[in-house]
Amino acid sequence: MSMEELYGRAPTGLYDVRTRKAGPKGRLPLTDEMLRTAPSGNIFGMTINAGMGWNPDDLAGGDVLIISTQGGIRRDDGTTVAVGLHNGHFELGDLMRAAADEIKGAGLVPHAAFVTDPCDGRSQGTTGMFDSLPYRNDAAIVMRRLMRSLPTRRAIIGVAACDKGLPAMMMALAGMHDRPVILIPGGATLSPTDSEDLGTVQTLGVRYANDEITLDYAARTGCSSCASPGGGCQFLGTAGTSQVVAEGLGLTLTHAALAPSGEEIWRELGRASARAVLALAARGITARDILTDKAIENAMVIHAAFGGSTNLLLHLPAIAHAAGCHMPDVRDWSRINKEVPRLVSVLPIGPVNYPTVFAFMAGGVPKVMLHLRRLGLLHEDALTVTGATLGENLDWWEHSERRAILRKRLEEVDGLSPDEVIFTPDEARRRGIGSTVTFPTGNIAPEGSVVKSTAIDPSVIDADKVFRHTGKVKTFTSEKAAIAALKEHGRIVAGDIMIVMGGGPKGTGMEETYQLTSALKHLPFGKHVSLITDARFSGVSTGACFGHVGPEALAGGPIGKLRDGDVVEIIVDTENLEGSLNFIGTEEEPLSYEEGARVLASRSMQDGVGPDADLPDDTRLWAALQEVSGGTWRGNVYDVERILAVLEAGKAALRDKSGS
């Protein structure tokens, strides 16, 4: 457009510009001591707070930071001006307002800051996924920088809802060791009355391509699946799992996870959380007191009992690292999953696929904890953000009015017994519900891999509870190539083992491959196809899908040396949670596991395996830093001491090489 078109039609009064205006009236609550001893920034902070409209008489009470992942723009009446990157962060402003009003009422000054987050659903199958996991580290850094940028903060409230924003927020709060902190989880999207959930609806394309649904069905269903403009998706993916893990950590209020977004009981969490963090500040209870090794283990127990997303294998160690706690490794996860029964029946692994908000109504995390405490699986002496121990919170919850009323409402409104959503350990055992994850190793995955073994279709598991699949592989050097093969009739058939290599941190930023796992779940032959990859999966993924294979192909991992026609043997004991992934030669030349390992070691990497051409430099830097920090099985963290040691060694090597 020309400048005339842009500026030519000036509305009346446009040029009546002021350059001066009277400042706020009143006086800052300064004292002689403040002026003589306080940093200039503290006084300047009061000046600009008054400039933003805060009553200067109320500036001396103290400052509280509320930081969220809010996105989008809403008018005061709730109508939409600009959508967010996802619905999970679209309503968070309501929680912030509720918390801020409570803080203001207590005579303190609330400050609001924002670091919004991406949507893994929106970026599935696109280059946007290359920024998904790296965003987590970047956001945690920015959040911590903002937290430290309010030096007068008495407490910090984090508000987040979804896949990367929630882990980033927990990492940031965990790093505020000497400050009172609390997390308000953003809750769950309401379930549509007559449509698909937000996980299933992501498979419309592949189902249509395979003639499973009509164009009209896809158009109508795609429009109606998101029944509320806020909250994490209705399944126990990474968003929902992060919320229940946060409650397991003691970082949120009891019965805060998975609340129905937009409802009054959800808003009340904002007010109650503000009251709680102010009480922590009054008592001098900080993040260091709450985030302990016992809290980390409690969170792992809750993860197992809910059957949560495998993405938390990346996020919980990162939170532990930020808190200065023991970082759980494969052995810790395996031990916990063998000890802890799965008790929750929700999307995506059931046994009945109820939406996650039903779990909230049935009693949520504290109801699950009541069962676990009777098994002696929880550290009840762990301190929580209520200021009381976990055991004390559960004592109250067991006989609370809140619990009784919500359970009754689930029965009356939805016609569902709460005990059909959250089982007792005896009932879970009677129904044959297994623990969630297994960590297979073998000559394809020397460092390990992960499979949601409880989500493998029961019809393909043998009577002894062991899943066995031996077959020829079809290899792909990108997710794009693999999904194209699934959309091509007859290219992938029952009995195939799909190998997707080059999807680890160095190749794609460790992309999430829900396109593939969801397609296999919803295609009629999909339960007879296995998938092995060095990428990761969405929390809503199910099936015989093996991810996190280490080492990744681009770090020299054996997965990158497999060829079309190679025979691979998969064994997963879904009861004892043990498994293996092994290359065993070809149909013409079978090999032992050891021989297979030697053959793979002697091979070169398959042609075409390399960093995606669209991989951003930002992600390449993240991949390098997390690799020297321990990689995928250490949570993709930035370990500063390890990074500095490698840099010093590199500088020394360069000096030696140059002879200087």
Side-chain angles (χ1 to χ4, degrees), residues 65 67 113 115 117 130-151 153 156 158 160 164-179 181 183 242 245 249 251 286-293 295-296 299 311-330 332 447 504-506 509-510 536 548 550-552 554-555 615-656:
L65 179 63
I67 184 167
V115 182
D117 55 347
F130 299 166
D131 289 293
S132 171
L133 184 55
Y135 159 89
R136 184 205 67 179
N137 288 23
D138 297 344
I141 291 171
V142 173
M143 289 171 180
R144 282 194 296 267
R145 290 192 187 281
L146 288 173
M147 292 171 186
R148 293 190 294 263
S149 295
L150 182 64
R153 64 198 182 279
I156 303 165
K164 298 303 174 299
L166 258 174
M169 186 68 75
M170 287 191 278
M171 290 166 63
L173 293 173
M176 296 292 104
H177 303 142
D178 61 348
R179 300 287 175 165
V181 301
L183 176 72
S242 294
V245 161
L249 286 167
L251 196 55
T286 69
R288 183 180 284 111
D289 300 313
I290 292 165
L291 294 171
T292 63
D293 288 346
I296 299 297
N311 275 321
L312 271 293
L313 304 181
L314 306 173
H315 301 321
L316 192 55
I319 296 164
H321 178 261
C325 296
H326 167 70
M327 295 174 67
D329 58 23
V330 173
D332 297 316
E447 291 180 357
K506 286 186 167 184
M510 202 176 186
R536 61 190 175 91
H548 299 216
E552 64 171 306
L554 287 172
L615 192 69
D617 284 345
D618 299 329
T619 299
R620 291 177 58 212
L621 177 60
W622 165 83
L625 294 175
Q626 65 82 36
E627 182 185 24
V628 299
S629 300
T632 296
W633 290 102
R634 264 190 111 245
N636 302 109
V637 300
Y638 294 160
D639 187 319
V640 175
E641 296 305 320
R642 287 192 183 199
I643 292 168
L644 291 177
V646 170
L647 288 174
E648 288 301 319
K651 288 191 290 185
L654 289 173
R655 285 194 298 269
D656 292 343

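Since we're looking at a predicted model, the values are computed, not measured. Excluded from the calculations below are hydrogen atoms, water molecules and symmetry mates; all remaining heavy atoms, backbone and side chain alike, are included.
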Student: Between Leu644 and Val640, does the side-chain contact (heavy atoms from CB on, under 4.5 Å) criterion hold? Intermediate values first, please.
Tutor: CA-CA 6 Å; Leu644 291 177; Val640 175; 3.8 Å; yes
Student: Which atom pair, heavy atoms only, marks the closest approach of Leu291 to Cys325?
Tutor: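 Reported closest heavy-atom pair: O-SG, 3.2 Å.
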Student: Quick check: do Leu183 and Leu166 have side-chain heavy atoms less than 4.5 Å from each other?
Tutor: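 Touching, per the 4.5 Å side-chain cut-off.
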Student: Could you give the side-chain donor-acceptor pairs of residues 135-142 under 3.5 Å, partners two or more places apart or in another chain?
Tutor:
from: Tyr135; atom 1: OH; to: Thr116; atom 2: O; distance (Å): 2.7
from: Arg136; atom 1: NH1; to: Leu314; atom 2: O; distance (Å): 3.2
from: Arg136; atom 1: NH1; to: His315; atom 2: ND1; distance (Å): 3.1
from: Arg136; atom 1: NH1; to: Gly635; atom 2: O; distance (Å): 3.3
from: Arg136; atom 1: NH2; to: Gly635; atom 2: O; distance (Å): 2.7
from: Arg136; atom 1: NH2; to: Asn636; atom 2: O; distance (Å): 3.2
from: Asn137; atom 1: ND2; to: Asn636; atom 2: O; distance (Å): 2.9

Student: Do Ile319 and Met171 touch side chain to side chain, with heavy atoms closer than 4.5 Å?
Tutor: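 Yes, close enough: below the 4.5 Å cut-off.
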Student: May I ask you to test the Val115-Met169 pair for a side-chain heavy-atom distance under 4.5 Å?
Tutor: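 No - every pair of side-chain heavy atoms lies 4.5 Å or more apart.
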Student: Can you check whether Leu625's main-chain N or O pairs, donor with acceptor, with Ser629's side chain at less than 3.5 Å?
Tutor: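 Yes, because the side chain of Ser629 sits within donor-acceptor range (under 3.5 Å) of the backbone of Leu625.
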Student: Check whether any side-chain N or O of Arg634 sits under 3.5 Å from a backbone N or O of Gly631 as a donor-acceptor pair, and report yes or no.
Tutor: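 Side chain of Arg634 to backbone of Gly631, a donor-acceptor pair under 3.5 Å: no, none is there.
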Student: Any side-chain heavy atom of Pro317 sitting closer than 4.5 Å to one from Val637?
Tutor: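 No, their side chains stay 4.5 Å or more apart.
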Student: Less than 4.5 Å apart, any side-chain heavy atom of Ile290 and any of Leu249?
Tutor: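 Ile290 does not reach Leu249 side chain to side chain.
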Student: When rounded to the nearest 0.5 angstrom, what is the spacing between CG in Leu150 and CD1 in Ile67?
Tutor: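 Output value for this atom pair is 10.5 Å.
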Student: Answer yes or no: is there a side-chain heavy-atom contact under 4.5 Å between Asp618 and Pro134?
Tutor: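 No. Closest side-chain heavy atoms not under 4.5 Å.
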Student: Please determine whether a side-chain nitrogen of the Lys or Arg among Glu552 and Lys506 lies less than 4.0 Å from a carboxylate oxygen of the Asp or Glu.
Tutor: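 No.
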Student: Taking atom CH2 of Trp622 and atom CE of Met510, what is their separation to the nearest 0.5 Å?
Tutor: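 It is 7.5 Å, given to the nearest 0.5 Å.
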Student: Can you tell me how far the CG atom of Asp131 sits from the NZ atom of Lys164, to the nearest 0.5 Å?
Tutor: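 One gets 11.5 Å once the value is rounded to the nearest 0.5 Å.
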Student: Looking only at side chains, do Arg536 and Ser132 share a donor and an acceptor under 3.5 Å apart?
Tutor: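 Yes, Ser132 and Arg536 have a side-chain donor paired with an acceptor closer than 3.5 Å.
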Student: Are there more than 12 heavy atoms of other residues, nucleotides or ligands under 6.0 Å from atom CZ of Arg620?
Tutor: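 Atom CZ in Arg620 is not packed in, count stays at 12 or less.
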Student: Determine yes or no for a side-chain-to-main-chain donor-acceptor pair under 3.5 angstrom, with Thr619 supplying the side chain and Phe130 the backbone.
Tutor: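 Yes, the answer is positive, given that a donor and an acceptor are paired below the 3.5 Å cut-off.
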Student: For the side chain of His326 and the backbone of His321, is there at least one donor-acceptor N/O pair under 3.5 Å apart?
Tutor: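 A pair under 3.5 Å: no.
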Student: With side chains defined as the heavy atoms from C-beta onward, is the minimum distance between Thr632 and Glu447 less than 4.5 Å?
Tutor: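 Of all side-chain heavy-atom pairs linking Glu447 with Thr632, none is under 4.5 Å.
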Student: Taking atom CZ as the centre, does Arg145 end up with more than 12 heavy-atom neighbours from other residues, nucleotides or ligands that are less than 6.0 angstrom away?
Tutor: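 No, the 6.0 Å shell around CZ holds no more than 12 heavy atoms from other groups.
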Student: Give me the one residue out of Met143, Arg288, Arg144 that meets side-chain contact (heavy atoms from CB on, under 4.5 Å) with Met176.
Tutor: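 Of Met143, Arg288, Arg144, side-chain contact (heavy atoms from CB on, under 4.5 Å) with Met176 is met by Arg144 alone.
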Student: At their closest point, which heavy atom of Gln626 faces which heavy atom of Pro505, and how far apart are they?
Tutor: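 Heavy atoms only, the tightest pair is NE2-CB, 3.2 Å.
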